Amino acid sequence: MQTLVAHDPVDTRHHGAVTMPLYQNSLFAFENHASFDCAMKDVLAAHVYSRGNNPTVMYLERRIAELEGGEQARCFASGMGAIAGTLHALLQTGDHIVCVDQAYGPTREFLADLSTRYRVEVTFVDGAELDAFRQAIRPNTKAIYLESPTSGLFELQDLEGVAAIAREAGALTVIDNSWATPVFQRPISMGIDLVVHSLTKYFSGHSDSLGGVVVGRRDLVETISNRSYMLLGSVMTAHTASLITRGVRTLPLRMERHQASGLRVAEHLLRKDDVVRVNHPGLPAHPQRELAEKQLQGYGSLFSFVTRHPVASLKAWADDLEYFRIGVSWGGYESLVTVGEAPARWNQGGESPSIARLYIGLEDPDVLIGDIERAWSRLSRD
């Protein structure tokens with residue numbers, strides 16, 4: 001995969017430039033009206049206006065489609081733009097969708113809004129068991145939305161099993177694959193119809209650009225392009241595509257480093273007496289470890305852990321960290337932390353344990369562990 005992202009044949013159209021040029025323009029002119037008329041017949045296939053197609057963006061789309069094993073890809077202005085555009089295009093009044101209950105929060109909010117305003121029926125399920133999907137299927141089910149692993153509790157769904165259930169029901173499957181990336185998980189090869197990513201995360205890798213993408217069969221992506229991409233205007237700029245293309249060049253290398261560092265820090269936390277559990281699919285203790293080994297070829301470096309400490313105390317610990325910044329998102333070079341209240345299912349003896357979500361960046365993992373321990377010694381004294 002590293003060769004795929006690093007190598008391009010010489011392209012004489014761009015004078016042999018080794019990096020795809022930045023087409024920083026809004027429109028494209030034509031030599032004559034006949035060629036313009038021809039292009040206007042399919043503005044998504046021709047270069048007419050950058051809201052439809054831009055060469056720099058198209059290059060990124062082709063590269064991501066190759067990585068995911070899909071026929072076509074369409075980039076959006078953000079990950080949520082890709083998710084909302086996909087669901088908007090696939091669903092209409094009277095349809096039903098099944099969604100995992102631990103999916104990205106704004107995704108669930110968007111589906112709730114579709115339910116309220118457009119009478120799209122939504123069923124949220126715990127995706128750990130296939131029976132939950134089978135029982136949720138209705139005659140009007142049009143899609144099943146997955147996120148595996150989820151980005152809060154890091155629970156998995158059986159992708160091949162869900163894909164089979166969906167096919168039998170005549171429904172489409174969509175998955176958010178941002179956590180694993182195509183380096184570590186290729187859902188299309190397991191029967192999933194459409195894959196979405198927040199390109200803001202690992203693909204970009206530098207915390208300097210927002211983007212999203214949907215990948216899959218050509219007919220499905222074209223439907224999304226015509227119904228949502230062109231009409232809603234959530235388009236990626238050429239400058240953003242250029243930044244994310246730069247990130248793609250090193251994606252496999254960075255993911256290997258993230259995997260090794262993330263596992264090292266997770267294993268360290270697992271040995272702490274006041275840590276109740278560590279939610280990382282790469283750990284032998286993960287309840288879905290067998291499924292993780294079946295459908296993942298590696299692991300991202302975002303995970304969470306639950307402690308016996310009150311939320312306020314763990315937030316003070318996070319404040320005391322030197323190498324972890326407090327912030328949302330993930331996928332860049334910098335390590336991050338956020339703290340909240342753990343789910344009720346993990347309450348012990350009426351207590352309300354805390355949960356921290358850690359993102360392990362590209363810093364030396366031994367330095368990060370030292371930072372955790374330094375702040376933890378104060379937490380333990382308190």
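Please read these numbers as outputs of a predicted model, since none were measured by experiment.
For the pair Glu68 and Arg186, the salt-bridge criterion is not met [side-chain N within less than 4.0 Å of a carboxylate O]. Looking at Arg74 and Glu222, no side-chain N of the basic residue comes within less than 4.0 Å of a carboxylate O on the acidic one, giving no salt bridge. One finds no salt bridge joining Asp101 and Arg108 here, because no Lys/Arg side-chain nitrogen approaches an Asp/Glu carboxylate oxygen to under 4.0 Å.
Leu296 and Val196 are assigned to two separate hydrophobic clusters, defined by single-linkage of ILVMFWY side chains at heavy-atom distances under 4.5 Å. Residue Ile244 is grouped with residue Met255 when hydrophobic side chains (ILVMFWY) are merged at heavy-atom distances under 4.5 angstrom, including chains of intermediate members. Phe124 and Leu156 are members of different hydrophobic clusters when ILVMFWY side chains are connected at heavy-atom separations under 4.5 Å.
Under a 3.5 Å cut-off, the side chain of Ser304 and the backbone N or O of Ala356 do not form any donor-acceptor pair. Counting only distance, with no hydrogens or angles, the side chain of Arg357 and the backbone of Ser151 share a donor-acceptor pair below 3.5 Å. Between the side chain of Thr240 and the backbone N or O of Met236 there is no donor-acceptor pair closer than 3.5 Å. Under the 3.5 Å distance criterion, the side-chain polar atoms of Thr223 are matched with a main-chain donor or acceptor of Asp219. A donor-acceptor pair under 3.5 Å is absent between the side-chain atoms of Thr86 and the main chain of Val174, judged by distance alone. The closest donor-acceptor contact from the side chain of Arg308 to the backbone of Asp273 lies under 3.5 Å. The backbone N or O of Cys75 lies less than 3.5 Å from a partner atom in the side chain of Glu61, making a donor-acceptor pair. In this structure, Ser228 contributes its side chain and His88 its backbone to no donor-acceptor pair below 3.5 Å. A donor-acceptor pair is defined here as one N or O able to donate and one able to accept, closer than 3.5 Å; such a pair exists between the side chain of Arg51 and the backbone of Met230. When atom types are taken as modelled, the side chain of Glu147 and the backbone of Tyr104 share a donor-acceptor pair closer than 3.5 angstrom.
With no hydrogens or angles considered, no side-chain donor-acceptor pair links Ser301 and Gln259 at under 3.5 Å. Side-chain N/O atoms of His286 and Asn279 include no donor and acceptor closer than 3.5 Å. With 3.5 Å as the limit, one finds a donor-acceptor pair spanning the side chains of Thr250 and Arg254. Using modelled atom types, one finds no donor on one side chain facing an acceptor on the other under 3.5 Å when comparing Thr116 with Asp113. In this model, a donor atom of one side chain and an acceptor atom of the other lie less than 3.5 Å apart for His96 and Thr141. Judged by distance alone, the side chains of Ser209 and Ser204 do bring a donor and an acceptor atom under 3.5 Å apart. Between Thr245 and Ser242, the side chains place no donor N or O within less than 3.5 Å of an acceptor N or O (distance only, hydrogens not considered). Side chains of Arg119 and Thr93: no donor on one and acceptor on the other come within 3.5 Å. Asp320 and Trp376 share no donor-acceptor pair across their side chains, judged by distance under 3.5 Å alone. A side-chain donor-acceptor contact under 3.5 Å links Ser335 and Glu363. There is a side-chain donor-acceptor pair under 3.5 Å between Thr173 and Asp193.
Using bins of under 30°, 30° to 60° and over 60° for the plane-to-plane angle, the ring pair Phe76/Tyr229 lands in the perpendicular bin. Ring orientation note: the planes of Phe30 and Phe36 are nearly perpendicular, at an angle over 60° on the 30°/60° scale.
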Verify side-chain contact (heavy atoms from CB on, under 4.5 Å) between Val265 and Ile372, making sure each step is shown before the conclusion. CA-CA 9 Å; Val265 176; Ile372 290 170; 3.7 Å; yes
Test log, rule side-chain contact (heavy atoms from CB on, under 4.5 Å), inputs Ser148 and Ile175: CA-CA 7 Å; Ser148 183; Ile175 185 172; 4.1 Å; yes
Audit row: Val43, Asn53, side-chain contact (heavy atoms from CB on, under 4.5 Å) steps and yes/no: CA-CA 7 Å; Val43 294; Asn53 264 336; over 6 Å; no
Between Glu373 and Lys272, is the salt bridge (charged side-chain N to carboxylate O under 4.0 Å, His left out) condition met? List the steps. CA-CA 10 Å; Glu373 284 304 298; Lys272 300 187 76 62; 2.7 Å; yes
Show your reasoning for whether salt bridge (charged side-chain N to carboxylate O under 4.0 Å, His left out) applies to Glu293 and Arg289. CA-CA 6 Å; Glu293 290 183 325; Arg289 172 66 171 178; 3.3 Å; yes
Given the rule in the side-chain contact (heavy atoms from CB on, under 4.5 Å) test, do Glu334 and Ser207 qualify, once you have shown the distances and angles that lead to the verdict? CA-CA 8 Å; Glu334 75 288 358; Ser207 298; 2.8 Å; yes
side-chain hydrogen bond (donor to acceptor under 3.5 Å, both in side chains) between Ser198 and Ser178, intermediate numbers included: CA-CA 6 Å; Ser198 171; Ser178 300; 5.0 Å; no
Working note: Arg264 + Asp366, criterion salt bridge (charged side-chain N to carboxylate O under 4.0 Å, His left out); need CA distance, chi angles, decisive distance, verdict. CA-CA 9 Å; Arg264 183 169 172 77; Asp366 289 333; 2.4 Å; yes
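Between Leu270 and Val275, every side-chain heavy-atom pair lies at or beyond the 4.5 Å cut-off. At a threshold of 4.5 Å between non-hydrogen side-chain atoms, the residues Val214 and Val195 do not count as touching. Taking 4.5 Å as the limit, some side-chain heavy atom of Leu314 sits within range of a side-chain heavy atom of Leu379. In this structure, Val248 and Leu67 have side chains that are in contact, with non-hydrogen atoms separated by less than 4.5 Å.
Across Asp158, Thr123, Val125, Asp126, a single residue satisfies side chain to side chain contact (heavy atoms under 4.5 Å, CB included) together with Phe133, and that is Val125. Between Val337 and the options Tyr359, Trp317, Tyr323, a side chain to side chain contact (heavy atoms under 4.5 Å, CB included) holds for only Trp317.
Interatomic distance, CZ of Phe110 versus CD1 of Ile83, reported as 10.0 Å (0.5 Å rounding). With rounding to the nearest 0.5 angstrom, the CD1 atom of Ile97 is 5.0 Å from the CG atom of Leu91. The CG atom of Leu153 sits 5.5 Å away from the CD1 atom of Ile355 when rounded to the nearest 0.5 Å. Separating the CD atom in Glu155 from the OG1 atom in Thr150 is a distance of 5.0 Å, to the nearest 0.5 Å. The structure places OG1 of Thr56 at 9.5 Å from CG of Leu60, a figure rounded to the nearest 0.5 Å. Rounding to the nearest 0.5 angstrom, the gap separating the CG atom in Asn54 from the CG atom in Leu27 is 11.0 Å.
Applying the 6.0 Å contact sphere to OH of Tyr49 captures no more than 12 heavy atoms from other residues, nucleotides or ligands.
Ring centers of Phe184 and Trp179: at least 6.0 Å apart, outside the cut-off. Checked against the 6.0 Å centroid criterion, the rings of Tyr23 and His47 do not qualify as a close aromatic pair. Aromatic ring centroids of Tyr202 and His258 lie under 6.0 Å apart.
Shortest non-hydrogen contact noted between Arg134 and Asp131 is NH1-OD1, 2.7 Å.
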